[in-house]
Every structure is written in structure tokens, then in C-alpha cells.
Amino acid sequence: MSNVRVRFAPSPTGFFHIGSARTALFNWLYARHTGGTFILRIEDTDRQRNTDEALRVLLEGMRWLGLNWDEGPEVGGVCGPYFQSERSAIYQRYLQRLLDSGRAYEKDGAIWFRLEGERYTAYDDFKKQEVEKVRNRPVVIEDAVRGRVERTEEQDFVIFRQNGEPVFHFVNVVDDIEMGITHVIRGEDHLSNTSKHVELFEAFGAPLPVFAHIPLILKESGPGKMSKRDKGALIEEYEQRHFLPEAVRNYLCLLGWNPKDDQEKMTIDSIIESFDFPGINKGNARFDERKLSSLNTAYLRELPLESFCWLARPILNQAGIVAEDSNEDYLQKVLALCQPKARSLETLAEFVAYFFSDTYEVDAKAEKKIHRDANWQESLQQVIAVMHAVEPFSAETIGASLEKAAAEAGIQPFAWFPLIRFAVSGQSGGPDLMPLLETLGKECVLSRLHGLAKC
RNA sequence: CUCCCGUUCGUCUAGCCAGGCCUAGGACACUGGGUUUUCAUCCCAGCGACAGGGGUUCGAAUCCCCUACGGGAGGCCA
């Protein structure tokens with residue numbers, strides 16, 4: 001156990017943003033890498049939007065990604081409470097220290113932090129007004145990701161609002177001091193705030209934590225960082241779309257960090273082992289769902305069949321494809337056939353639909369392809385004749401019969417495959433054809449072949 | 001407007017700190033082949049980038065400066 005203490009300090013907003021999730025992930029990884037402590041602290045100083053539901057979404061998202069916390073809500077810890085709304089007494093104590101040392105003062109009913117330095121007034125083109133500024137010494141931030149960063153804070157800032165509530169900068173620093181946070185890992189959008197925070201740490205005479213500002217996640221298309229309204233911005237979305245959490249987590253690791261050895265699909269243990277600040281990039285990373293999907297497919301394919309079935313069953317039930325009390329053996333057989341071919345759990349229902357019902361989508365492209373062969377009707381009749389004769393109706397016997405018939409007709413047996421597949425599934429792709437036919441059964445196969453012949 | 005950060009294939013990135021090993025490597029996507037009786041995997045190949053300009057140097061993707069572009073911050077939001 002090292003003395004590293006990191007924290008993820010989200011404000012419950014009702015959704016779990018992918019950028020927040022990645023910040024949580026990096027903190028968690030660093031804690032696990034160093035054998036330190038990962039703390040979850042809820043920054044609920046804000047108004048009405050902090051509801052129980054908002055907290056639930058957050059905690060569920062954390063659990064879904066497998067980010068367990070060592071101190072925080074539900075698990076407690078020595079530095080509690082872990083909700084800022086319950087820490088008022090601590091903030092009052094710290095405020096008193098600043099008041100006593102003359103580093104805080106009241107103005108307009110709010111309490112301000114006083115910077116040290118020579119005061120003057122200047123016109124602020126952003127605020128479009130005259131403001132008091134301070135000729136202050138620059139704050140030096142030794143950032144673990146970006147190196148030395150200098151920034152000068154030049155205006156006093158509010159630390160307690162008129163309504164008596166402390167503001168983010170104040171509570172954030174106080175809690176980090178109180179909780180013994182050693183490393184502050186957060187998004188680059190906080191880099192500019194860091195000078196305020198350093199001023200506060202110093203005013204309290206507290207040692208500075210190591211700061212590590214990680215790059216932001218940019219939206220997939222268009223300018224700017226990912227915002228909650230963008231597609232793919234919320235962790236809940238991936239859960240609902242049945243992405244595998246290991247895949248999402250793996251992808252998130254790669255957004256702004258890499259192990260520098262060309263590895264991409266990695267176990268979480270190997271990521272924990274190699275995760276460190278030098279591997280974190282400085283430039284922002286653009287989100288790319290295609291890459292996430294390819295990772296997701298890779299994870300899906302290597303799931304044990306048992307796990308695959310366990311995940312697939314409720315999805316198919318919910319989609320109305322498979323009844324709750326359906327034939328277990330048949331379902332197992334279908335899923336075993338489909339796992340190596342399916343791209344995602346999200347699309348699994350449509351992928352397997354034709355196994356469970358005679359009404360299923362017909363792929364227009366596949367149909368066009370079939371019709372392109374002028375003799376397709378004739379071929380279909382030949383296939384029907386073959387299928388009629390197959391007994392027993394097993395993958396091996398069907399294959400052998402087709403091969404024999406094809407040889408007699410002087411063609412390659414696989415020339416019929418796309419036609420057969422389309423006739424029984426309406427698709428151009430899918431599981432291995434022979435086992436597929438065996439699984440559907442003779443009656444169903446013949447009926448569908450005849451069905452297509454009538455068209 | 002001010003301040004801070006960044007900039008290698010379409011995207012994620014390796015290389016940059018310790019300049020020559022870079023005709024810039026990998027992955028996703030895309031295209032074309034091959035394996036597979038179909039489908040999918042898999043394999044091979046192709047496509048494709050050092051933002052621009054100056055400097056330092058025998059030599060720069062790598063060091064320095066400028067410009068451009070991108071991102072962030074500048075709330076009694078977090």
C-alpha cells in the first residue's frame with residue numbers, strides 16, 4: 001500500500017459524461033498502479049440538480065465500468081463525509097482561517113479571496129468594464145503531463161456566495177487538503193483554474209499535490225469537446241446499447257494514453273501495470289465509435305459461450321425475438337452458431353431474428369444480388385429437390401448431398417450457397433450455412449425455399 | 001479581448017525529453033488480393049501524415065523563434 005491518494009470528484013448532474021468517466025478511469029488506474037487509494041467524493045454543493053437519481057446514475061456508471069472506490073459513498077472511510085453537502089463545518093473552519101489571516105474579506109454580501117500584490121484598475125474587454133486587478137507573482141505548476149506551466153491570477157475571486165454556500169474552487173481545495181490528496185488528475189479544462197487552487201493551497205500553508213491535466217475528448221465530428229448532447233457522450237448510452245463494459249473501458253484507456261508498445265486490446269491488469277503519467281498524451285483526442293465498435297466485437301467474440309448466452313438471452317427477450325419460456329436447447333444452439341459472426345449485442349436481435357420467426361427483414365442488397373443471376377429460379381428448384389431427399393437432415397448429410405448434386409449438375413456446390421442462405425434468412429451473411437440449415441430443420445428450410453420460389 | 005495548453009496518416013497513436021537507426025511504425029476505417037465449399041475470422045498488399053515559415057546543426061518529425069490553426073479558461077457553475 002503506497003501513500004498515493006487520488007480522487008474522482010464529480011458533481012451529480014443526472015448523467016455520466018464520457019469525459020468524466022475517463023477522468024475517473026485514469027484516477028482509478030493510477031491508484032491501482034501505485035497501490036494507492038481511490039476516493040470518490042461527491043461535489044454536490046450545487047443547487048437543485050443533485051438528486052438521488054443523479055447520484056444513482058453516477059454510481060451505476062462507475063460500477064458498470066468496474067471502477068471500485070476505496071473511500072466514498074456506501075463504503076465510507078476515515079476522511080468522510082464524502083458528500084460536500086455534509087462538510088459545511090469543515091468549510092467554515094477553513095474560511096475562518098482565511099478571515100483570521102486577512103486573506104478573505106466580505107464584499108457585496110459574498111466572501112472573496114484576497115490575492116497578494118499591487119492593485120490597479122484596468123479595462124477588461126471580456127467583461128466590458130473596469131475591474132480591479134492585482135500585480136501578482138506567477139504561479140508555477142509542475143504538471144505531470146504537461147511539464148512546467150506558469151499562470152498569473154490577477155483578480156480576487158469569490159469563495160463563498162451571497163447565499164452562504166462555498167464555491168467550487170474553495171471546497172475542492174479544502175477537501176483535497178483534508179483528504180490528503182497527493183495527485184490531482186483531472187481534465188485540461190481545469191488547467192486555467194489551477195492557479196486559483198495553488199493560491200488557496202498556499203494561503204492554507206498546505207503542500208501542493210502533484211497535478212496531472214489530461215487531454216479532453218473531442219466530439220466525433222464538428223468542433224469542440226464532447227458535450228452531453230453529442231452522440232456517444234454518455235456512459236448510460238453504452239450500457240443501453242449493450243456494449244461490453246470491458247471494451248468501453250479499454251477504448252477509454254486509449255483515448256489520451258497508450259502503453260507505447262503497439263498493444264491496444266489489453267487486459268485491465270496489464271493496463272494497470274503499465275499505466276503512468278509519461279504515457280499520457282498532451283493533445284486532445286477525438287472520439288471514434290468505429291474503433292470502439294471494433295474493440296467491442298473483439299471482446300464479444302472471445303467471451304465464453306456461457307457468458308454470451310447469459311448476456312444475449314435478456315436482450316432477445318426484450319426485443320420480443322425470443323419468448324421467456326422458449327426452448328433452451330434451440331436457443332443455445334443458435335447462439336453458439338452466431339457468436340463467432342455477430343458484430344454486437346446491440347444488433348444481435350436482428351441478426352438472429354429468422355431463427356425464431358418466419359417474418360423477418362429481407363436485405364434488399366442481398367435480394368438484388370440473388371436476382372442478378374438469371375437462372376436463380378432454376379437453381380432454387382434443384383436445391384429444393386436435393387433438400388427433399390436429405391435424410392437425416394444434418395449438416396454433414398446436407399453438405400454431402402449438395403456436393404453430389406452439384407457434381408452431377410457440373411457446378412461448384414458453393415455456387416448455390418448464397419441463394420440458399422438468402423432463401424432461409426433473407427440475408428447475405430450469417431453463421432456457417434450447413435449447421436444453420438440443420439438448426440432450422442428440414443421443414444422450415446423447405447418451406448422457406450418454396451416460399452422464395454413462389455415470388 | 002486576455003491568459004493557458006496543444007498540433008505526426010480520415011481517426012487513435014509510436015517516434016520527440018537524451019537530433020542521425022524515419023525511404024516516419026502500429027491500430028481502426030477504406031480498397032484490392034489470398035485462405036475458407038457460403039458467411040465471418042485470418043493472412044498479404046495498397047491507400048495515407050511530421051500545420052507553414054525561419055533559425056541552430058555536417059544532419060531536425062525530434063532543439064529554438066514566429067505565424068497559422070485547434071482546444072480550454074476567464075461565473076456568486078462544477
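So that the names make sense, note that chain A is the first sequence line, chain B the second, and so on, each numbered from 1.
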Participant: Please determine, for B:C39, whether a Watson-Crick or G-U wobble partner exists with both distances under 3.5 Å, and give it or none.
Facilitator: none
Participant: Could you let me know what B:G6 is paired to, Watson-Crick or G-U wobble, both distances under 3.5 Å, or none if it's on its own?
Facilitator: B:C69
Participant: Can you build the contact string for nucleotides 14-22 of chain B? Use B for base contact, S for sugar-phosphate-only contact, and - for no protein heavy atom under 4.0 Å.
Facilitator: SS-------
Participant: Using the C1' atom in both, what is the distance from B:C30 to B:U36, to the nearest Å?
Facilitator: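 Roughly 23 Å separates the two C1' atoms.
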Participant: Provide, to the nearest angstrom, the distance between the NE2 atom belonging to A:His197 and the C1' atom belonging to B:A73.
Facilitator: 11 Å
Participant: Taking the same atom, C1', in B:A61 and in B:U57, what whole-Å distance lies between them?
Facilitator: 16 Å
Participant: Do A:Val184 and A:Arg7 have side chains that approach each other closer than 4.5 Å (heavy atoms only, starting at C-beta)?
Facilitator: yes
Participant: By nearest atom, which of the nucleotides B:G10, B:G26, B:C3 is closest to the A:Glu264 side chain?
Facilitator: B:G26
Participant: Does a side-chain N or O from A:Arg161 land closer than 4.0 Å to OP1 or OP2 of B:A78, or not?
Facilitator: yes
Participant: Show every donor-acceptor pair shorter than 3.5 Å between a side-chain atom in residues 412-426 of chain A and any protein atom, with sequence neighbours excluded, or say none if there are none.
Facilitator:
from	atom 1	to	atom 2	distance (Å)
A:Arg421	NH1	A:Pro431	O	3.0
A:Arg421	NH2	A:Pro431	O	2.9
A:Ser425	OG	A:Arg421	O	2.7
A:Ser425	OG	A:Gln427	N	3.1

Participant: Would you kindly check whether a donor in the side chain of A:Lys291 faces an acceptor in the base of B:A27, or vice versa, at under 3.5 angstrom?
Facilitator: yes
Participant: Considering just the side-chain nitrogens and oxygens of A:Arg146, establish if one lies under 4.0 Å of OP1 or OP2 belonging to B:G71.
Facilitator: no
Participant: Find the distance A:Lys282:NZ to B:C12:P and express it as a whole number of Å.
Facilitator: 16 Å
Participant: Would you say the rings of A:Phe275 and A:Trp257 are close, in the sense that their centroids are separated by under 6.0 Å?
Facilitator: yes
Participant: What integer number of Å spans the P atoms of B:C12 and B:C50?
Facilitator: 16 Å
Participant: Taking pairing as Watson-Crick or G-U wobble with both contacts under 3.5 Å, can you name the mate of B:C77, or confirm there isn't one?
Facilitator: none
Participant: Nearest whole angstrom, please: distance from the C1' of B:C39 to the CG of A:Leu402.
Facilitator: 16 Å
Participant: So, A:Thr152 side chain and A:Asn136 main chain: donor-acceptor pair closer than 3.5 Å or not?
Facilitator: no
Participant: Under 3.5 Å, is there an N or O donor on one side and an acceptor on the other linking the side chain of A:Ser192 and the base of B:G72?
Facilitator: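 For A:Ser192, whose side chain was compared with the base of B:G72, there is a donor-acceptor pair (under 3.5 Å).
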Participant: Determine the interatomic distance between P on B:U31 and the same-named atom on B:C47; round to the nearest Å.
Facilitator: 16 Å
Participant: Is the Lys NZ or Arg CZ of A:Arg135 less than 6.0 Å from the centre of A:Tyr120's six-membered ring, within 45° of the axis?
Facilitator: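 The answer is yes; both the distance and angle limits are met.
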Participant: If you assign each of A:Pro10 and A:Glu188 to its closest nucleotide in RNA chain B, which residue comes earlier from the 5' end?
Facilitator: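 Looking at the nearest nucleotide for each, A:Glu188 comes out on the 5' side.
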Participant: With a 4.0 Å heavy-atom cut-off, tell me which residues in residues 107-122 of chain A come close to RNA chain B, sorted by residue number.
Facilitator: A:Asp108, A:Ala110
Participant: Taking only the P atom of each, what is the distance from B:A51 to B:G25 in whole angstrom?
Facilitator: 16 Å
Participant: Quick one: label A:Asn193 by what it contacts on the DNA or RNA (base, sugar-phosphate, nothing), any heavy atom closer than 4.0 Å.
Facilitator: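 Contact class for A:Asn193: base.
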Participant: Rounded to the Å, how far apart are A:Arg151 CZ and B:G74 C1'?
Facilitator: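 Distance, rounded to whole Å: 7 Å.
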Participant: For a quick check of understanding: with a heavy-atom distance under 4.0 Å over all strands, which category does A:Leu254 fall into, base, sugar-phosphate or nothing?
Facilitator: sugar-phosphate
Participant: Over 60° means perpendicular and under 30° means parallel, so classify the ring planes of A:Trp376 and A:His371, tilted if in between.
Facilitator: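 Taking A:Trp376 first and then A:His371, their aromatic rings sit tilted (interplane angle of 30° to 60°).
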Participant: Return the nearest nucleotide to the side chain of A:Lys341; candidates are B:C76, B:A40, B:U38.
Facilitator: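 My answer, after comparing the listed nucleotides, is B:A40.
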Participant: With respect to the phosphate group of B:G75, does any side-chain polar atom (N or O) of A:Lys127 fall under 4.0 Å of OP1 or OP2?
Facilitator: yes
Participant: For B:G15 versus B:G26, give the span between their P atoms, rounded off to a whole number of Å.
Facilitator: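 It works out to 15 Å between them.
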Participant: Could you work out the separation of B:U8 and B:C16 based on their C1' atoms and round it to a whole Å?
Facilitator: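 Taking atom C1' in both B:U8 and B:C16, they lie 10 Å apart.
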Participant: Is the positively charged end of A:Lys196 above the ring of A:Phe157, judged by distance under 6.0 angstrom from the centroid and angle within 45° of the axis?
Facilitator: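 Yes, A:Lys196 sits over the ring of A:Phe157.
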Participant: Under a 3.5 Å limit for both distances, which nucleotide forms a Watson-Crick or G-U wobble pair with B:G48, could you say?
Facilitator: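 Pairing partner, where one exists within any strand: none, as none qualifies.
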Participant: Measure the distance from CZ on A:Arg343 to C1' on B:A29 and round it to the nearest whole Å.
Facilitator: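 Between C1' of B:A29 and CZ of A:Arg343: 12 Å.
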Participant: Go through the side-chain N and O atoms of A:Asn296 and A:Ser293 and say whether any donor and acceptor fall under 3.5 Å apart.
Facilitator: no
Participant: Nearest-Å distance, CZ (A:Arg286) to P (B:G70)?
Facilitator: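 After rounding, the gap between these two atoms is 11 Å.
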Participant: Could you give the CG-to-C1' distance, from A:Asp363 to B:C39, as a whole number of Å?
Facilitator: 13 Å
Participant: Between atom CZ in A:Arg421 and atom C1' in B:U38, what is the gap in whole Å?
Facilitator: 5 Å
Participant: Between B:G48 and B:A27, how many Å separate the two C1' atoms, rounded to a whole number?
Facilitator: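 Between the two C1' atoms, the distance is 14 Å.
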Participant: Taking the six-membered ring for Trp, are A:Phe277 and A:Tyr30 parallel (under 30°), tilted (30 to 60°) or perpendicular (over 60°)?
Facilitator: parallel
Participant: Quick check on B:A73: is either OP1 or OP2 less than 4.0 Å from any side-chain nitrogen or oxygen of A:Lys225?
Facilitator: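 Result: yes.
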Participant: For A:Pro12 and A:Glu43, which heavy atoms make the closest approach, and how far apart are they?
Facilitator: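 Residues A:Pro12 and A:Glu43, closest heavy atoms: CD-O, 3.9 Å.
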